[in-house]
Number of protein chains: 2
Amino acid sequence: MQGTPQPALAINHISVDCVVFCIENDELYVLLVKRDTNELHDMKLPGGMVYKEEILDVAAQRILKDLTGASVDSLRQFRSYSAKGRTNDPRDTHWLSHTLNTDIDSILTVAYFSVVNTKRTINKESSGIWVPLKSIGELAFDHNRILQDGFNHLQRIATVEPSILFEFLPRKFVISQLRAVYSLIYDKEFDVRNFHKQVNQMAWVKPLEERQKNVSHRAARYYKFDKVAYKRFFKFVANW
Amino acid sequence: MQGTPQPALAINHISVDCVVFCIENDELYVLLVKRDTNELHDMKLPGGMVYKEEILDVAAQRILKDLTGASVDSLRQFRSYSAKGRTNDPRDTHWLSHTLNTDIDSILTVAYFSVVNTKRTINKESSGIWVPLKSIGELAFDHNRILQDGFNHLQRIATVEPSILFEFLPRKFVISQLRAVYSLIYDKEFDVRNFHKQVNQMAWVKPLEERQKNVSHRAARYYKFDKVAYKRFFKFVANW
DNA sequence: GCAAAAGTGTTGGGCATACACCCATGA
DNA sequence: TCATGGGTGTATGCCCAACACTTTTGC
């Protein structure tokens, strides 16, 4: 900038990787895709290259849709990873150049995360597959690290903006479902009676008249999340 | 990927912008730089282009150092911004192409934030200038937005990892300084007596024997932040 | 002695925790 | 009638909030 000779500027391809969570049957799942080779680690986060002139958020939507069939609103980026040291594994580089038909010099990856309320958001014919977080093994590239960062991010967001927890649930849900979400994200058990009291005090969780049908036990009441009330009433207060 | 003709991939220059905070005399400051033209808005966040092969974190350090003289460890990225719609202002584009001597097609910006404990970290001869957050006007590009995001991020991080609040303070500090930090970041007043009690219960804030000297009032005791104790004792517990 | 900031204790109310039994339903 | 999960109340203790005066020091 002072007229002195400048080093060359970085010129990068941009990619996005998506960490998508879902809870079903008391289990926290992450959306992965199978890679189309048969080598050692064959799972990765859904992700791909951003096109020229493409908005990042749009690219994330498109890539997720293409790979898994999932249409997800509320994809939020949580951090970026520069390429250095990310693609040392020769299998990865081979796969990349094969897939992209071009020599990669460097890639900057922006990681997104999202929460969906049913595993059925994905297309069964796609390469997308839901894997329980607990049983995820070694992933391609640095995707284990990205996944870990994404989960930490989810936990932090949940503490400051608990509305995100309701994205795991359908519009109508019962309290035991909500309790399961809390248990999995905060990794702790909640007392049933106290949890009911808590929920009653959340002005943004509104009881419906409707109840479960055809269940072989007392039918539970449905509740819904009230976004307007949430915005009006929720104030995060940490006690220090 | 299926052999169908692909759209061109994004090829971007990468830039970083830094949001650096400092507290002095009960005032929260942000580090800005003056732009070297005399047009309407002449302040921006310190930032610049990343060089080829350069690690992002290193680039952020370098750029901050070059522009303001500040050597800051613990620069953390908090989100990225894709270029679309960021440089519509003709004065900005003119300035960019003038400064870079190249045609810009698009830039992806990664934003970093940091906290320093004294305004003296910057070089007075540099273009860096500390401006009270409250009195910051219109900035170049989308820097007002980035700044806002950065401050929100700081607040969120502070609630889940309060250790960051101690980065505003020198190694030895008195409780009224700590209280000022809490007040500014949480934007609320803390009762003096209750605050003392709180601090006494933080195992990671250790009293020293040393006291203030040459103050025209009762000399306050110095305290220090104990990182090891913090890691051992601090557990974030939200109450829901 | 006065101005300026440091430091200190108690009380009341509210909120989190712990805990066990009856209810409704389908099979 | 049994198995399954839904739903409810109370008592205790802890923590948070509110509140005012004395101490130390420099000038």
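Note that the coordinates shown come from a computational prediction; the quantities given were computed from them, not determined experimentally. In what follows, chains carry the letters A, B, and so on, assigned in the order in which the sequence lines appear, proteins first and then strands, with residues in each chain numbered from 1.
In summary, B:Lys172 and B:Glu209 do not engage in a salt bridge, as defined by a charged side-chain N under 4.0 Å from a carboxylate O.
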Treat primed atoms plus P, OP1 and OP2 as sugar-phosphate and everything else as base, then score nucleotides 19-27 of chain C 5' to 3': B for base contact with protein heavy atoms under 4.0 Å, S for sugar-phosphate contact only, - for none. BB--BBBS-
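Relative orientation of the A:Tyr230 and A:Phe234 rings is parallel, given thresholds of 30° and 60° on the angle between their planes. Ring geometry for A:Phe195 against A:Phe190 counts as perpendicular: the plane angle is over 60°, on a 0 to 90° scale with 30° as the lower cut.
C:dA5 atom P lies 21 Å from atom CZ of B:Phe190, rounded to whole Å. Taking atom CD on A:Gln198 and atom P on D:dG7, their separation rounds to 17 Å, with Å as the unit. Distance B:His196 NE2 to C:dG9 P: 12 Å, rounded to the nearest Å. Summarising the geometry, the separation between CG on A:Leu178 and P on D:dG7 is reported as 12 Å, rounded to the nearest angstrom. The CD atom of B:Gln212 sits 11 Å away from the P atom of D:dT25 (whole-angstrom rounding). Note: CZ (B:Arg179) to P (C:dG7) measures 10 Å, nearest angstrom. As rounded to whole Å, 11 Å separates atom C1' of D:dG7 from atom CG of A:Asn200. The CZ atom of B:Phe195 sits 14 Å away from the C1' atom of C:dG7 (whole-angstrom rounding).
Two rings, from A:Phe151 and A:Phe113, have their centers 6.0 Å or more apart.
Other residues, nucleotides and ligands contribute more than 12 heavy atoms inside 6.0 Å of the CZ atom of A:Arg211.
One side chain, A:Lys65 or A:Ser71, offers a donor N or O that lies under 3.5 Å from an acceptor on the other.
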